[in-house]
K.L.:
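The following block contains the structure, expressed as structure tokens.
So you know, we letter chains A, B, ... as the sequences are listed, proteins then strands, and number each from 1. Values below: all heavy atoms of this structure, side chains included; hydrogens, waters and symmetry mates excluded.
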Amino acid sequence: MAGAEGSVRGSALQHFPITLPVGDLSNLHLKEEKIKPDANGNLKTNAISFKDRAAQSLLNKLIRSNLVDNTNQVEVLQRDPNSPLYSVKSFEELRLKPQLLQGVYAMGFNRPSKIQENALPLMLAEPPQNLIAQSQSGTGKTAAFVLAMLSQVEPANKYPQCLCLSPTYELALQTGKVIEQMGKFYPALKLAYAVRGNKLERGQKLSEQIVIGTPGTVLDWCSKLKFIDPKKIKVFVLDEADVMIATQGHQDQSIRIQRMLPRNCQMLLFSATFEDSVWKFAQKVVPDPNVIKLKREEETLDTIKQYYVLCSSRDEKFQALCNLYGAITIAQAMIFCHTRKTASWLAAELSKEGHQVALLSGEMMVEQRAAVIERFREGKEKVLVTTNVCARGIDVEQVSVVINFDLPVDKDGNPDNETYLHRIGRTGRFGKRGLAVNMVDSKHSMNILNRIQEHFNKKIERLDTDDLDEIEKIAN
DNA sequence: AAAAAAT
């Protein structure tokens, strides 16, 4: 494996690329060679090492005060501070198996994304390293861990060697497709979907080398039904890791699965957001983790225009939504509700008005869910009414509008900032512009919106849905 | 409250 030029041996933490004003560097232990101030007295470098926390906190301060250009900032925290930090600028440098490299290029990837530059060398290192990675959606997380799985798999061995857990059925299907595409030049490679409704004969053993699934089914297949021998798993991936290990989420099952895996199994955790407590837990459950973080959440919101509509009841929200309808159906839209019940009510009301809408929620049968998401992906459905089942990870490039018919709140009725970010992150993907409209129907929900606004420190503007000019304006 | 199991 090739090391990037200028990588620094002995560093615990590196930022690429950053510019530091030279006067503030007293606490930074810089690698002396090759780093000279430029004409403006600024220090430009692709590799700076920090030896202590004080230096790190200074850097954080600089970032906050905007003295440091942190666009495309990647933060890497290595398990072994003495090993060199690699970063690759091309897929060739990774020395992938030819059939895997072929798969990568067939998917249209030419160069590694920002997160992949740093994550791939770590994941493919020998021996395999554990990794906790955070980066916004659309930055190549899925491709990164799929590549890691495919590089470890031995197609000749007819048993599961890689295991990937997803929080929902839809996401498992989506990720499965990436595995199939990228792995299509391995002739003998097979993929199994461990999802609800996918039934196998008792006593059978899986011959597929890679398994993707949702926690409940995977747990059953590993323990009670013994379709999978967990002791033979070499790579374990948690996608949307924050929900997978959150107490409110799938923590129980994920951890029970993890405990069955062999000690030397590689663990890879990927998520767009990590709340503090979840982040700490992640560092506790993953032995000797490497950590990669990319970008802060504010930057995700920059390409998404956020509005709110003031109403006084659910029916008024419905009316306002109808007024907006022409504007949101220019491309594709997702409408989020708090409960399955509201979602199915809303979908029914909208079709009564003569609008074509699709409905997706967890109460539907898996076959139906697969069909709906497929139609939405293909663009046959323009508007999808759904619950939090689609809040995370679902990639449909044409989605330009997200509507929160109900604001996201947790079980205690407090604003759910993480889910808000994930929901509106369904739009504005791959640097495209996006639009988010929040429906407010009471003092209480206005309060929640204000708290969300404060949390992200980003203005959410009022939108008058009776004003056609204004609607025209946001649509363009 | 939603999601997730052959419970």
Side-chain angles (χ1 to χ4, degrees), chain A residues 163-176 192-206 211-228 230 238-258 260 271 273 275 278 314 334-347 359-370 372-373 384-394 404-423 426 441 444-445 448 452:
Chain A
L163 177 58
C164 175
L165 289 189
S166 294
T168 64
Y169 172 72
E170 282 74 16
L171 199 57
L173 292 191
Q174 177 176 288
T175 308
Y193 289 87
V195 292
R196 184 163 61 186
N198 199 355
K199 309 205 168 165
L200 276 84
E201 218 171 288
R202 286 223 169 243
Q204 203 183 323
K205 285 264 182 271
L206 278 189
V211 179
I212 170 126
T214 42
T217 309
V218 169
L219 184 58
D220 265 3
W221 286 19
C222 285
S223 54
K224 213 174 63 192
L225 301 168
K226 300 215 166 19
F227 295 152
I228 301 171
L238 283 181
D239 194 7
E240 299 295 336
D242 58 336
V243 249
M244 301 308 288
I245 58 170
T247 331
Q248 295 285 335
H250 306 293
Q251 189 183 80
D252 249 38
Q253 291 163 327
S254 301
I255 296 304
R256 281 173 66 194
I257 294 167
Q258 188 222 352
M260 289 187 270
S271 184
T273 60
E275 192 221 323
V278 176
R314 189 174 77 165
M334 291 173 92
I335 306 177
F336 287 97
C337 301
H338 191 47
T339 65
R340 303 163 165 192
K341 222 177 118 194
T342 313
S344 65
W345 168 84
L346 182 60
L359 171 67
L360 182 57
S361 86
E363 68 188 349
M364 293 158 58
M365 306 238 285
V366 279
E367 298 81 7
Q368 215 178 347
R369 288 168 61 167
V372 169
I373 199 83
L384 184 66
V385 179
T386 185
T387 62
N388 275 345
V389 68
C390 287
R392 286 160 183 273
I394 301 298
N404 285 319
F405 192 78
D406 300 311
L407 297 178
V409 290
D410 62 20
K411 64 167 198 340
D412 305 315
N414 290 317
D416 186 346
N417 297 313
E418 305 275 315
T419 302
Y420 182 84
L421 185 64
H422 274 111
R423 278 190 185 178
R426 296 310 97 218
D441 65 355
H444 176 67
S445 56
I448 286 170
I452 289 174

K.L.:
Starting at atom CZ of A:Arg369, determine the distance to atom C1' of B:dA3, rounded to an integer number of angstrom.
P.N.:
8 Å
K.L.:
What is the distance from CE of A:Met364 to C1' of B:dA3, rounded to the nearest Å?
P.N.:
15 Å
K.L.:
Report the distance from atom CZ of A:Arg423 to atom P of B:dA1, rounded to the nearest whole Å.
P.N.:
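Spelled out: CZ on A:Arg423 to P on B:dA1 is 14 Å.
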K.L.:
Quick test of your reading: applying salt bridge (Lys or Arg N to Asp or Glu O under 4.0 Å), list the pairs with at least one residue in residues 241-251 of chain A, sequence neighbours left out, ordered by first then second residue.
P.N.:
A:Asp242-A:Arg392
K.L.:
Taking the side chain as C-beta and beyond, is there a heavy-atom pair between A:Tyr420 and A:Asn404 under 4.5 Å?
P.N.:
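Yes, at least one pair of side-chain atoms sits under 4.5 Å.
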K.L.:
Check whether more than 12 heavy atoms from other residues, nucleotides or ligands sit under 6.0 Å from atom NZ of A:Lys341, and answer yes or no.
P.N.:
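Open: at most 12 neighbouring heavy atoms sit under 6.0 Å from NZ of A:Lys341.
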K.L.:
Classify the nucleic acid contact of A:Leu219 as base, sugar-phosphate or nothing, counting any heavy atom under 4.0 Å across all strands shown.
P.N.:
nothing
K.L.:
Does OP1 or OP2 of B:dT7 have a side-chain N or O of A:Arg256 closer than 4.0 Å?
P.N.:
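No, no such contact exists.
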K.L.:
Nearest of B:dA2, B:dA6, B:dA4 to any side-chain atom of A:Arg340?
P.N.:
B:dA2
K.L.:
Among the nucleotides B:dA1, B:dA6, B:dA3, which one has an atom lying closest to any side-chain atom of A:His250?
P.N.:
B:dA3
K.L.:
Without swapping roles, check the side chain of A:Gln248 against the backbone of A:Lys411 for a donor-acceptor pair under 3.5 Å.
P.N.:
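Judged by distance alone, no pair lies under 3.5 Å.
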K.L.:
How long is the line joining CE of A:Met365 and P of B:dA6, in whole Å?
P.N.:
13 Å
K.L.:
What nucleotide, of B:dA4, B:dA6, B:dA2, holds the atom closest to the side chain of A:Gln248?
P.N.:
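Nearest nucleotide to the side chain: B:dA2.
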K.L.:
A:Gln253 has an atom CD; how far is it from atom P of B:dA3, in whole Å?
P.N.:
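From A:Gln253 CD to B:dA3 P: 15 Å.
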K.L.:
Any base atoms under 4.0 Å from A:Leu165, or only sugar-phosphate, or nothing? Heavy atoms, all strands.
P.N.:
nothing
K.L.:
Taking A:Arg202's backbone N and O only, do any of them form a donor-acceptor pair with A:Lys226's side chain (distance below 3.5 Å, no angle check)?
P.N.:
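No; judged by distance alone, with no hydrogens or angles, the pair does not exist.
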K.L.:
Rounded to the nearest Å, what distance is computed from the CD atom of residue A:Glu170 to the C1' atom of nucleotide B:dA2?
P.N.:
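The distance from CD of A:Glu170 to C1' of B:dA2 comes to 12 Å, rounded to the nearest Å.
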K.L.:
Rounded to the Å, how far apart are A:Trp221 CH2 and B:dA6 C1'?
P.N.:
11 Å
K.L.:
Tell me the interatomic distance from A:Glu240, atom CD, to B:dA2, atom C1', rounded to whole angstroms.
P.N.:
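Distance check: A:Glu240 CD to B:dA2 C1' gives 15 Å.
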K.L.:
I want to verify a distance call: between B:dA1, B:dA4, B:dA3, whose nearest atom is closest to the A:Asn388 side chain?
P.N.:
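Side chain of A:Asn388 sits closest to B:dA1.
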K.L.:
Sequence neighbours excluded, which residues qualify as salt bridge (charged side-chain N to carboxylate O under 4.0 Å, His left out) partners of A:Asp406?
P.N.:
A:Lys317
K.L.:
Counting any heavy atom closer than 4.0 Å, what does A:Gly249 reach on the DNA or RNA strands: base, sugar-phosphate only, or nothing?
P.N.:
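The answer is nothing, as A:Gly249 stays clear of every strand by at least 4.0 Å.
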K.L.:
Nearest to the A:Ser361 side chain among B:dA1, B:dA3, B:dA6, which nucleotide is it?
P.N.:
B:dA3
K.L.:
Nearest of B:dA3, B:dA5, B:dA1 to any side-chain atom of A:Thr214?
P.N.:
B:dA5
K.L.:
Heavy-atom nearest nucleotide on DNA chain B for A:Glu201 versus A:Lys341: which residue maps closer to 5'?
P.N.:
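Here A:Lys341 is the residue nearer the 5' end.
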K.L.:
Nearest to the side chain of A:Thr217, heavy atoms from C-beta on, is which of B:dA3, B:dA6, B:dA1?
P.N.:
B:dA6
K.L.:
From the set B:dA2, B:dA6, B:dA4, return the single nucleotide nearest to any side-chain atom of A:Lys199.
P.N.:
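When the side chain of A:Lys199 is considered, B:dA6 is the closest of B:dA2, B:dA6, B:dA4.
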K.L.:
Reckon A:Phe336 touches a base, only the sugar-phosphate, or nothing at all at heavy-atom distances under 4.0 Å?
P.N.:
nothing
